[in-house]
Amino acid sequence: MRSKRKLITSLLQSVPVVNSSLYEKAINCLVFINYFTCLILPAILINTVVNPKSLASLTYGYELKNSSLLSVIGILKGSLYYVLYPCTTNIVAIFYISLCWRCSLYLNNLVKNISKYTPKEFEQSKQLDILKNRAKICRELKSIETVFSLPIFLIIVANFLMCSSLLGGVLIKIKFDRDNMIFMFYFANAILCVLTTLWVAGSVSIEMNRFKEAFHQTTHERLLYYHETEREEIHLKMDLFSEPDFVLTGYNILSFRRNTILGVIGTLLTYTVLVVTTN
């Protein structure tokens, strides 16, 4: 992603801004929870330690008589540790989710604009304006695919393996003892990251199909009832429907559709149980 930082800059400048309070609140909430967890979780874990001597590893064996200083060091080291994973990977995922969601909302607005026109009012000039706006979104989606295809795929694989390892530990009845909170945090973070990414990225293909259906419905009624469809309009319609369905992918290996969620969950359960039961 760093090698493509110029493309990311142009992408941020060109992706259209949408007026949605839900979008803004949801993204801000995800960012806040991500950073807040990395700060509050180490503090909770340090305060729940029963034996202070077990914290000696945080100072590499050097004994500190001041327990407060030892707690501060533990919180700082724990925060830095959680910044590496999962905070950093979560930020990349939230960045990706925000861009995909913004494009989906813009496509949804285009569908609403089509529905405002009657078949008679949906003239060639209006069709061209809407198709130009759609072409702009398609260009931005291709840029998103170029930048995030590999990073998001690696993030999903990492979180998938995290879920598998923790689920396998539960199946073979490992006793997590006082570290239960850590494992619960990692599992919840991993599964939510995968599901949220697939759900939002999958909405792009859904909105693309809704756009095609709305455009086809209005132009079809225009042809049936008013017989005013010109040859240029027919070419526009044929060009739109001859395009292959656009689907965001993870390095062209994993397709980001809503039904992919069921496949990921099924794969997680099947192969985890298979590995655990293998002697």
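Taken together through direct or relayed side-chain contacts under 4.5 Å among Ile, Leu, Val, Met, Phe, Trp and Tyr, M162 and L274 form parts of separate hydrophobic clusters. Residues F36 and L84 are members of separate hydrophobic clusters, defined by side-chain heavy-atom contacts under 4.5 angstrom among Ile, Leu, Val, Met, Phe, Trp and Tyr. Cluster membership for L198 and L150, using ILVMFWY side-chain heavy atoms within less than 4.5 angstrom, is shared. Linking Ile, Leu, Val, Met, Phe, Trp and Tyr residues whenever their side-chain heavy atoms come within less than 4.5 Å places L269 and V264 in a single cluster. Following chains of ILVMFWY side-chain contacts shorter than 4.5 Å, one can reach I91 starting from L12, so the two form part of one hydrophobic cluster.
When only modelled atom types and interatomic distance are considered, E221 and Q217 share a side-chain donor-acceptor pair under 3.5 Å.
Put simply, the residue from V194, I265, I191 that forms a side-chain contact (heavy atoms from CB on, under 4.5 Å) with C163 is I191.
Contact annotation: the side chain of Y82 approaches that of I182 to within less than 4.5 Å [non-hydrogen atoms, C-beta and beyond]. Two residues are said to be in side-chain contact when any heavy atoms from C-beta on lie closer than 4.5 Å; T88 and V83 meet this criterion. Side-chain contact between H216 and L240 is absent, with no heavy-atom pair separated by less than 4.5 Å. Considering only heavy atoms from C-beta on, I137 stays 4.5 Å or farther from F211 through its side chain. Q127 is listed as a side-chain neighbour of R222, based on a closest heavy-atom distance under 4.5 Å. Side-chain contact between K126 and K116: absent, with no pair of heavy atoms (C-beta onward) separated by less than 4.5 Å. The shortest side-chain heavy-atom distance between V157 and L161 falls under the 4.5 Å cut-off. Counting heavy atoms from C-beta outward, Y23 and S98 have side chains that approach closer than 4.5 Å.
Counting non-hydrogen atoms of neighbouring residues, nucleotides and ligands closer than 6.0 angstrom, the CZ atom of F187 exceeds 12 such neighbours. At most 12 non-hydrogen atoms from other residues, nucleotides or ligands lie less than 6.0 angstrom from CG of N19. Summarising the local packing, CZ of F246 is surrounded by more than 12 heavy atoms from other residues, nucleotides or ligands at distances under 6.0 Å.
Ring pair Y96/F148 is tilted by interplanar angle, where 30° to 60° counts as tilted.
Formation of a donor-acceptor pair under 3.5 Å by the N189 side chain with backbone atoms of F185 is not found in this model. Between the side chain of S14 and the main chain of L11, a donor-acceptor pair closer than 3.5 Å is present. The closest donor-acceptor contact from the side chain of S205 to the backbone of V247 lies at 3.5 Å or more, if one exists at all. Judged purely by atom type and a 3.5 angstrom limit, S203 uses its side chain to pair as donor or acceptor with the backbone of V200. Under a 3.5 Å cut-off, the side chain of T260 and the backbone N or O of F256 do not form any donor-acceptor pair.
Scanning both residues, C38 and S79, for their nearest heavy atoms gives O-OG, 3.3 Å. Minimum heavy-atom separation, M1 to V147: CG-O, 4.2 Å. When all heavy atoms of I75 and L39 are compared, the pair lying nearest together is CG2-O, 4.4 Å. Residues Y106 and V18 approach most closely at N-CG1, 4.0 Å, considering heavy atoms.
Rounding to the nearest 0.5 Å gives a distance of 6.5 Å between CD1 of I114 and CZ of F215. Put simply, CG on L224 and NE2 on H220 are 4.0 Å apart, with the number rounded to the nearest 0.5 Å. A distance of 11.5 Å separates OG1 in T272 from CD1 in I172, rounded to the nearest 0.5 Å. Note that SG of C100 is 15.0 Å distant from CH2 of W199, once rounded to the nearest 0.5 Å. Separating the CG atom in L141 from the OG1 atom in T146 is a distance of 10.5 Å, to the nearest 0.5 Å. In this structure, I40 CD1 and I33 CD1 are separated by 13.5 Å, a value rounded to the nearest 0.5 Å.
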Report task. Before giving the answer on side chain to side chain contact (heavy atoms under 4.5 Å, CB included), spell out for T277 and L171 the whole-Å C-alpha distance, their side-chain angles and the decisive distance to 0.1 Å. Result -> CA-CA 9 Å; T277 55; L171 292 176; over 6 Å; no
Query raised in the report: How far apart are the C-alpha atoms of E207 and L110, what are their side-chain angles, what is the distance that settles it, and do they pass the side chain to side chain contact (heavy atoms under 4.5 Å, CB included) test?
Result: CA-CA 10 Å; E207 294 299 333; L110 291 180; over 6 Å; no
Query - Criterion side chain to side chain contact (heavy atoms under 4.5 Å, CB included) on I155 and C193, from CA distance to verdict - result: CA-CA 9 Å; I155 288 173; C193 182; 4.1 Å; yes
Query raised in the report: Should I152 and F95 be marked as a side chain to side chain contact (heavy atoms under 4.5 Å, CB included) after you check the CA-CA gap, both sets of side-chain angles, and the distance that decides it?
Result: CA-CA 10 Å; I152 288 298; F95 187 21; over 6 Å; no
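Every residue was checked against the ring pair (Phe, Tyr, Trp, His ring centres under 6.0 Å) condition with Y35, not counting sequence neighbours, and none meets it. Not counting sequence neighbours, R257 has no partner by the salt bridge (Lys or Arg N to Asp or Glu O under 4.0 Å) test.
Between R210 and E213 there is no salt bridge, since no side-chain nitrogen of the basic residue lies less than 4.0 Å from a carboxylate oxygen of the acidic one.
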